[in-house]
Amino acid sequence: MDFTLKIWRQEHAKAKGGFKTYPLKDVSPEMSFLEMLDYLNMQLIEGGDVPVTFEHDCREGICGTCGLYINGRPHGPMRNTTTCELHMREFTDGETIVIEPWRASAFPVIKDLAVDRSSFERIMHAGGFISTNTGCAPEANSSPISKHISDKAFDAAACIGCGACVAACKNSSAMLFAAAKIAQYAMIPQGKVEGKERVDQMVQQMDAEGFGFCSNTYGCEFDCPKGISVDFIALMNREFFSAKVCSQKRQ
Amino acid sequence: MALAGIFLMLFLVFHLATNLLMLAGDGGAAFGNAVEFLTTNPAVKIMEYVLFAGFLIHILLGVALQWQNYRARPVKYHKALKTETSRFSRFMFHTGVIIFIFLVIHLVNFFFVKLGWVSIPGEAGEVADRYDFFGMAEVMFSNAWYVAGYILAFVFLGFHLKHAFQSSFQSLGLNHTRYTPAIKVIGTIYALAISVGFSVIPLYFYFIH
Amino acid sequence: MQKLDSKIPDGPLAEKWSRYKAGLRLVNAANKKKIEIIVVGSGLAGSSAASALGELGYKVKVFCFQDSPRRAHSVAAQGGINAAKNYKNDNDSIYRLFHDMMKGGDYRAREANVYRAAEVSNDVIDHFTALGVPFARDYGGSLDTRSFGGVQVSRTFYAKGQTGQQCLLGTYSSLNRQIAKGTVKMFPRRDMLDVVIVDGKARGIITRNLLTGEIERHSAHAVVLATGGYGTVFYLSTLGLGSNASAAWSAYKKGAVFANPSFIQIHPTSIPVLNDYQCKLTLMSESLRNDGRVWVPKEKGDKRHPTEIPEEERDYYLERRYPAFGNLVPRDVASRAAKERCDAGYGVGDTGLSVYLDFKDAIEAQGEKAIRDKYGNLFEMYEKITGINPYKQPMRIYPAGHYTMGGLWVDYNLMTTIPGLFAIGESNFSDHGANRLGASSLMQCCGDGYFILPNTISDYLADDIRTGKIPVESKAFDEAAHASADKVKRIMAVNGKQTASSFHKRLGKIMWDHCGMRRDADGLKKGLELLDELEKEFWADICIPGSENDYNQELEKALKVADFFEVGRLMCEDALQREESCGAHFREEHQTETGEAKRNDAEYAYVGAWEYQGADEKPKLHKEPLKFEFVEVKERSYK
């Protein structure tokens, strides 16, 4: 297969970027999208050019490192698929493929297609945990949790932190990301103890990072590679209001 | 945003119910009674201010959010987002602006008349006084352009409401696997009812009355 | 170097750890605040250790090469985590878990360490549950378990096919809590280039900031390596592409002894190679063998579509050869059996290098929904990668490099031969012998990090309460920083023609062909020669575009590949000296008549620990004899 690639190139965070066009020949349909980029980079290096920087690690759709905006869709045209799991057989021969980095003020570009997602880290630091010390846990089966609830909590916990939700949102909102963690803990008894503080602090941090606000267009759910439901956003909103209305004023 | 929105949606139901009295076929007698009640009752007077506050909050928040959201993506995508979302949801601000323009015209044509800021429309004697909204409607809706514009505004209002109804439930966290699908259906019915309901009135005046 | 002292405590097996622990010294709360600890790696072992140490009050600095600790490759573990809870009432116990691990490891692990890992396994499950890790539950609300290869009880806790992810997010959450509290400081996007030794003790590390290229110095009173395994030496492996041996290797070159480097697990159920530019093999969880049946056609070179091959013309070779365990034999056995069939010409697929893993019978018996509930995400993953629907036709699988049982030699305190340098998780060698049983790695990583290291490191640090902050301006730091900077400059200066990946690919092929699933003396010697040649070529012709003071992914790769030549050589040396077959290490010269591994307990019941002697010197082999007091050493049979 042959393709024309139009790729965003930007030397460093402050540099002015722009698109460069690369024709690429003899791509195997069995190649993954990132293998196709490896193949391009190999040719660039051998031709004396600087290869395209893009981030990746596990290449099996679970670490959340990769994330490219491909032809107008975060992670490309397939639903429930990360960029690394996308294969070239999903494209048509001769197609022009436009590849851009995630775009959001909270995700500044580092170089080419790599962006800085440390804003997600800071949201997690604000409350993405259950405060329990090592060694003080009760017997694991001492508090039963209904299978239905536990499965739901798993569905929320499946988030890989790739940032596609932000990239897919017309407002660059991080609601789905924050909601996934908040909802996971809000549903299970262990997490309820500090639920109100958690939602309050995580939402505050999210706003401070400069993400946009949710206007319920649900693009995040559509493009989430793990299919995380916007129902969790509603759950987070509910938690947030109840925290605002019911919680005691903190000293 | 959602709370103000829900308040406005309730207001629309009430407004529509009142307006539909014009179609009673009694030359506006029932409608006139309702107008009289609404313009004289002190509780309604207070609600009027609350209503303005509701509009103001909804509009200001809407603009502020739009501005924030615009700033949240300083560099736009070269290739426009192809993510599948409901069209209605993506154009809430745009439909909102159209509705706002309509709202201003609407206020000038009716509310400001009531306050005496704007002179009574039509030839002398067509409209009895500045509380004769039925008469005003008769005058306004005899103009085909005005009718068309009015209906168009309500089509956009329908789009706005189609998303707004279930979105407000989502924003307030009122979500349930069992009830949310029903809320979505009710939202569609509501949006249709409001935009069709309000559109019937000018058509009635233009073609039948 | 003095003799290896494993510091195994005396006493009955079940009391060793508790007695030993009771005798360990402590550091009081006020002094802990003055003591710094560096943790390198943020996977299950690193983040659990860092958070536990932070909770204790130490000042912890965590380094990882990823942009977030949540992306460490522990995230990709699929199947589950073992614990001796006996929730299924199937007569499981700590002793049985210990025994299974000893047997699974083909009697090449330390009894005391293995028992301790089994002992703390239950605490790990309790702690994870308290942290909100959503393990699978049954309808009554209690935790569910499933069976895994090489054992006859059901003791594996799981969260669909994403147990590693969920556990890592659990340790990540406890790490985040400490970061928020200020006890842990996170340094992402750093590659560790060297360990700094001051007066004989590990006192810091040299890192390269991956975004700016800056060579940084970081000091501490102790250094913990939780840097995972070196499985990417095969190039094609189930590991993340960033996984590497460099941190552990720098420790080895500074005097930490490296144990059993040739013990590397080849996982039997990975998706086979599909194209020439592939750089990664994706694992299909071992749990699939609970319901999937492995087969090849009885006829050589049978090219029919798998669904057209009738039942009687299929060879379910695992069930045939190992009736007691069937498809659930341990990984080393299953991998070799697959290779044997493919080498004999019965392999399927275009290349003939794969076997079928078939769910037809399970789907007929349990229904598609039940199978979807258990393995839905794995089936989807398979379909995304291959374009084939595994509900309709069998998966194709083939073995792939996966996990390294070998690693830095550690004593009972998890300390390497460099005082103050600890190694935990996959980066050490201690618990899995010559072969690891499924779902034991998560268990060991978290046990090391949460429950073992915090105790043993405190004993070491009890001597450091008066030391004060370690300065980074010292001769030792200068030397290490300059050496690291020189290495970067040297590799940049080559300015050749070939990419790091192309070298890595060739290196991987040498290792796979000569030091892979089946080894023999001639092949290993040939491998050593080829490695030397390729390494020379590498240092003459490596091409790294761009600058070293920039985000330069090619430079990162090249630095890692440079170390892999040396790792590969040590693997071959170790495989060559071990004149027996045990676990994952299979020497053609040492097999039974039926082709099973043949151990030599009289001569090789030891840990082969290698000491670096200098760049051109042959490393020195130390032998730590293994004593078996509590298990009967038997031929490992799954028949």
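Since we're looking at a predicted model, the values are computed, not measured. Chain naming here is simple, since letters A, B, ... match the order of the sequence lines and numbering starts at 1 in each.
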So which part of [X] gets closer than 4.5 Å to some heavy atom of chain B, the side chain, the backbone, both or neither?
{"X": "A:Pro77", "value": "neither"}
{"X": "A:Tyr218", "value": "both"}
{"X": "A:Phe19", "value": "side chain"}
{"X": "A:Phe241", "value": "side chain"}
{"X": "A:Cys169", "value": "backbone"}
{"X": "A:Val109", "value": "neither"}

Problem - Inter-residue atom distance A:Leu235.CG - B:His176.NE2, 0.5 Å rounding - result: 11.0 Å
Practice task
First locate atom OG of B:Ser171, then atom CE of A:Met175, and finally report the distance between them rounded to the nearest 0.5 Å.
Solution key: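 Atom-to-atom, B:Ser171:OG and A:Met175:CE are 7.0 Å apart.
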Exercise for the section: For each of A:Gly210, A:Gly212, A:Ala167, tally heavy-atom pairs with chain B at distances under 4.5 Å, and name the one with the top tally. Expected result: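 Greatest number of close heavy-atom pairs with chain B: A:Ala167.
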If you count heavy atoms of other groups shown closer than 6.0 angstrom to [atom1] of [X], is the number above 12?
{"X": "B:Phe111", "atom1": "CZ", "result": "yes"}
{"X": "B:Glu36", "atom1": "CD", "result": "no"}
{"X": "A:Glu194", "atom1": "CD", "result": "yes"}

Problem - Any residue of residues 65-98 of chain B which, by heavy atoms, sits under 4.5 Å from chain A - result: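 Within residues 65-98 of chain B, the residues under 4.5 Å from chain A are B:Leu65, B:Gln68, B:Asn69, B:Arg71, B:Ala72, B:Arg73, B:Pro74, B:Val75, B:Lys76, B:Tyr77, B:His78, B:Lys79, B:Ala80, B:Leu81, B:Lys82, B:Thr83, B:Glu84, B:Thr85, B:Ser86, B:Ser89, B:Arg90.
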Problem - Any residue of residues 155-170 of chain B which, by heavy atoms, sits under 4.5 Å from chain A - result: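 Counting heavy atoms that sit under 4.5 Å from chain A, the residues of residues 155-170 of chain B involved are B:His163, B:Gln166, B:Ser167, B:Gln170.
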Handout entry: No-hydrogen, no-angle side-chain donor-acceptor test under 3.5 Å, B:Thr177 and A:Asp231
Key = no
